[in-house]
Amino acid sequence: MDTIPITMILGEIGVFLVIPILVVILFNLWMHYRNALFLNSIEWVLLEIVPPKEVHKSPEAMELVLNSLYGGGYGNWYERYWKGELAQFYSLEIVSIEGKIHYYVRFAKKFRKVFEAQLYSQYPQAQVIEVPIDYVTKVPKLTRKDSPIGMWAYNVELAKDEVYPIKSYIDFGMDRAVGSLEEEQKIDPMSPMLEIMGSIGIGEQIWFQINMRQVNKRFVVKKDDKEEPGQAWQKKADQVINELRKKINPPDKEGKVSLTPSTKGQLALIEAIERHKNKNAFECGIRVLYVAKKEHLKGDSIGAYTAMLRQFASDDMNSFKLSGLTKPSPEPWKDMLGINLFKMKRDALEDYKARKFFYGSFNFKKIKRYFEHPANLGGNPFILTTEELATLFHLPGRVIETPTFTRQDSTKSEPPANLPI
């Protein structure tokens with residue numbers, strides 16, 4: 001009886017192992033190629049929103065505007081895997097250039113008409129200007145450690161589960177009437193942020209950017225002690241609400257629920273989660289960047305700049321925390337030449353300029369990237385509803401008196417009907 005050589009057996013097994021690996025690599029290469037073509041085909045537009053002198057509307061007006069960007073999802077299998085289409089993404093940006101504050105939005109040009117129509121319907125006296133030269137291009141790349149440009153940057157994450165909302169404009173009481181008599185009594189949570197951004201001087205810039213796209217079904221929900229992946233975030237919110245209610249009124253050994261009086265904080269938290277889950281939501285990534293000429297660099301102000309979003313925190317609900325702060329390592333011997341810190345700063349600046357967050361590039365130097373879909377190589381987004389986004393990005397009223405805040409100098413009005421032609 002002839003024996004089968006061990007090399008032949010290993011060869012047969014090797015074929016079955018190599019083929020699946022090659023299929024995965026070729027598929028990812030194909031998707032990277034198609035995704036790159038899709039992203040390069042997008043015609044972007046950067047618009048500046050100039051607020052009017054008087055804004056007597058609550059941030060709910062901006063919430064309605066942001067609803068117009070809810071869309072541009074993932075499409076069907078043909079659009080995703082053959083055409084390489086990705087979910088559309090947008091950015092909301094508040095920028096201070098030497099203390100002068102600007103509001104920007106950036107998205108694919110095809111969304112411009114819808115966005116402008118919604119904006120003018122809510123803020124008829126505002127002005128929308130297409131920016132011919134992107135402000136980020138005026139800052140040179142970091143090509144060496146002794147660059148004349150100094151900077152630091154950080155990303156923002158949520159401290160708790162993303163189902164828990166931050167303190168929004170409704171929690172600050174800004175959803176009520178905002179007539180001129182009540183203007184001075186309002187508390188706008190954007191005030192500390194805009195005051196800090198408006199306080200910088202010559203040669204300094206602060207960039208605040210929110211990257212956003214329609215939320216994906218990526219949540220894991222427990223049902224009957226089984227995990228169900230790929231669920232909508234509203235189902236995760238329902239699960240959290242049920243868990244909170246069980247904590248308030250836990251069942252006894254016989255399964256009976258004791259009616260324990262709820263505290264105001266417990267009821268407010270459940271009400272806030274229920275309110276947010278009924279609104280449109282986006283996956284978001286937030287980054288903040290400070291850049292200045294080295295002779296104007298103020299390193300002692302970093303503490304104030306990193307605290308710009310502290311007012312949105314709530315012990316019962318959620319808050320923001322920093323990640324990826326470009327600072328020297330606490331263990332100096334690990335980066336004695338400062339090379340790693342320089343790379344962090346260089347990458348942070350380039351990622352901001354490219355508005356790059358959701359979709360990474362196919363990196364041939366890292367073998368594990370061969371086994372990942374290119375669409376999964378970006379940052380880790382978290383959910384913010386339109387209510388939360390409008391809290392972070394809305395046109396403020398006169399309650400914010402920052403001298404360098406850019407507003408319309410004149411009021412627009414319709415021409416008289418009897419004007420001779």
Side-chain angles (χ1 to χ4, degrees), residues 27-49 65-95 102-119 128-139 141 155 207-218 280-287 289 347-363 369 372-381 383-384 386 389 393:
F27 174 76
N28 286 331
L29 285 171
W30 165 258
M31 290 310 306
H32 170 67
Y33 169 69
R34 299 304 300 178
N35 291 160
L37 288 180
F38 171 74
L39 292 174
N40 290 333
S41 70
I42 297 176
E43 187 178 0
W44 299 101
V45 63
L46 181 66
L47 304 178
E48 180 175 5
I49 304 172
V65 175
L66 295 177
N67 277 324
S68 66
L69 296 178
Y70 187 77
Y74 292 83
N76 55 38
W77 70 267
Y78 172 76
E79 293 168 334
R80 293 178 64 180
Y81 299 114
W82 182 256
K83 299 178 68 177
E85 292 186 8
L86 297 162
Q88 294 284 343
F89 60 100
Y90 326 89
S91 66
L92 310 175
E93 302 170 13
I94 303 177
V95 177
H102 305 265
Y103 273 61
Y104 296 110
V105 291
R106 180 183 182 266
F107 41 67
K109 199 168 187 177
K110 63 181 181 180
F111 297 109
R112 177 174 180 173
K113 288 185 178 180
V114 175
F115 179 84
E116 285 187 336
Q118 289 293 329
L119 183 76
V128 178
I129 305 169
E130 182 173 348
V131 180
I133 301 176
D134 196 337
Y135 66 93
V136 300
T137 61
K138 299 178 182 179
V139 175
K141 293 182 179 181
N155 296 326
W207 302 347
F208 174 80
Q209 183 184 88
I210 304 175
N211 296 282
M212 47 192 271
R213 71 179 178 190
Q214 183 177 330
V215 65
N216 189 18
K217 293 183 179 180
R218 56 176 171 82
N280 290 330
F282 292 86
E283 291 180 330
C284 299
I286 300 178
R287 54 169 64 104
L289 189 143
D347 293 345
L349 179 60
E350 292 309 305
D351 286 350
Y352 187 106
K353 286 184 170 187
R355 280 79 176 183
K356 177 181 169 184
F357 183 83
F358 296 109
Y359 309 118
S361 59
F362 197 92
N363 192 337
R369 297 298 178 96
E372 290 188 69
H373 192 288
N376 298 329
L377 300 181
N380 296 318
I383 282 181
L384 291 178
T386 50
L389 287 167
F393 187 91

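Just so it is clear, the model here is predicted, and its values are computed rather than measured. Below, each value reflects all heavy atoms present in this structure, side chains not excepted, and no hydrogens, waters or symmetry copies.
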> Do you know which two heavy atoms are closest between Gly84 and Asn35, and how far apart they sit?
O-ND2, 2.8 Å
> For Val131 versus Leu47, what's the shortest heavy-atom pair and its separation?
CG2-C, 4.3 Å
> Any non-hydrogen side-chain atom of His102 less than 4.5 Å from a side-chain atom of Tyr135?
no
> Report the residues that fulfil side chain to side chain donor-acceptor pair (under 3.5 Å) with Glu85, sequence neighbours left out, ordered by chain and then residue number.
Lys83
> Roughly how far, to the nearest 0.5 Å, is the CG atom of Leu389 from the CD1 atom of Ile383?
11.0 Å
> Can you name the side chain to side chain donor-acceptor pair (under 3.5 Å) partners of Tyr104, sequence neighbours left out?
none
> My understanding is that only residues two or more places apart in sequence, or in another chain, count here; which of them pass side chain to side chain donor-acceptor pair (under 3.5 Å) with Asp347?
none
> Quick one, Val105 and Leu69 - any side-chain contact, counting heavy atoms below 4.5 Å?
no
> Distance from Phe357 atom CZ to Asn380 atom CG, nearest 0.5 Å?
6.5 Å
> In Å and rounded to the nearest 0.5 Å, what is the CZ to CE distance from Phe38 to Met31?
11.0 Å
> Classify the ring geometry of Phe282 against Tyr70: parallel below 30°, tilted from 30° to 60°, perpendicular beyond 60°.
perpendicular
> Using side-chain heavy atoms (C-beta onward) and a distance below 4.5 Å, is Glu350 in contact with Lys141?
yes
> Should Gln88 and Ile42 count as side-chain neighbours, where that means a heavy-atom distance under 4.5 Å?
yes
> Which donor-acceptor pairs under 3.5 Å do the side chains of residues 106-115 make with protein atoms, sequence neighbours left out?
| from | atom 1 | to | atom 2 | distance (Å) |
| --- | --- | --- | --- | --- |
| Arg112 | NE | Glu116 | OE2 | 3.1 |
| Arg112 | NH1 | Glu130 | OE1 | 2.5 |
| Arg112 | NH2 | Glu116 | OE2 | 3.4 |

> Just how far is it from atom CG of Leu66 to atom OG1 of Thr386, taken to the nearest 0.5 Å?
7.0 Å
> Looking at residues at least two apart in the chain, or sitting in another chain, which of them share a ring pair (Phe, Tyr, Trp, His ring centres under 6.0 Å) with Tyr352?
Trp207
> Apply salt bridge (charged side-chain N to carboxylate O under 4.0 Å, His left out) to Arg34 and list each qualifying residue two or more places apart in sequence or on a separate chain.
none
> What pair of heavy atoms forms the shortest contact from Pro381 to Arg218, and how long is it?
O-NH2, 3.6 Å
> Can you label the angle between the Trp30 ring and the Trp82 ring as parallel, tilted or perpendicular, going by 30° and 60°?
tilted
> Nearest 0.5 Å, what's the CG-CD distance between Leu92 and Gln209?
9.5 Å
> Could you check if a side-chain atom of Arg355 sits within less than 4.5 angstrom of a side-chain atom of Asn211, using non-hydrogen atoms only?
yes
> Applying side chain to side chain contact (heavy atoms under 4.5 Å, CB included), can you list everything that pairs with Thr137, at least two apart in sequence or on another chain?
Ile133, Asp134
> Could you pull out all residues at least two apart from Glu79 that satisfy salt bridge (charged side-chain N to carboxylate O under 4.0 Å, His left out)?
none
> Measuring from Trp44:CH2 to Leu39:CG, what's the distance to the nearest 0.5 Å?
7.5 Å
